[in-house]
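Please read the structure below before turning to the comments.
Both ligands and their constituent atoms are indexed starting at 1 by order of listing.
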Amino acid sequence: MKDTIISLLNKNRNNRFLKNKIELRCACGFIEKLTYFEFLSGGEFDFGQPLSVISPFISESVYDETINVTPLHLSKKCPACGEKITAVFPLSLEELITILKVNPPDPQMYV
Ligand SMILES: [Zn+2]
């Protein structure tokens, strides 16, 4: 699954969404800002326990439809103190894959 994400990331290298930043904050006071791309492409993330939640896209005929949501946990070694910095990625695995699959690659790639 990690390979799938990384290959999708590489196809979406110029996707504006991946330029969003996530802030990592260590207990020692060290702060690092990484783009989504930088963080995920390093493969330093893990999958959390999938949760069942009520779908936010309930149609008129379907009630209580549940979907699986898998959280992504990011962890990285702090360059200042060597402790592990952990953060939860703002989107679930499913949301991330949907976004990466929907957005077409930047046309500049073919120039
Ligand atoms: Zn630290």
Subject >> With Leu96, the side chain to side chain contact (heavy atoms under 4.5 Å, CB included) member among Leu100, Ile99, Thr98 >> reply: Leu100

Original post:
Does Ile85 reach the side chain of Glu83, with side-chain heavy atoms less than 4.5 Å apart?
Top reply: no

Subject >> Ionic contact status for Glu23 with Arg25, cut-off 4.0 Å >> reply: yes

Original post:
At distances under 2.8 Å, what protein N, O or S atoms surround the Zn ion (ligand 1)?
Top reply: Cys26 SG, Cys28 SG, Cys78 SG, Cys81 SG

**OP:** Would you verify whether the NZ or CZ of Lys21 falls within 45 degrees of the ring axis of Tyr36 while also being under 6.0 Å from that six-membered ring's centre?
**Re:** no

Original post:
Is atom NZ of Lys19 surrounded by more than 12 heavy atoms (other residues, nucleotides or ligands) closer than 6.0 Å?
Top reply: yes

Subject >> Lys33, NZ: over 12 other non-hydrogen atoms inside 6.0 angstrom >> reply: no

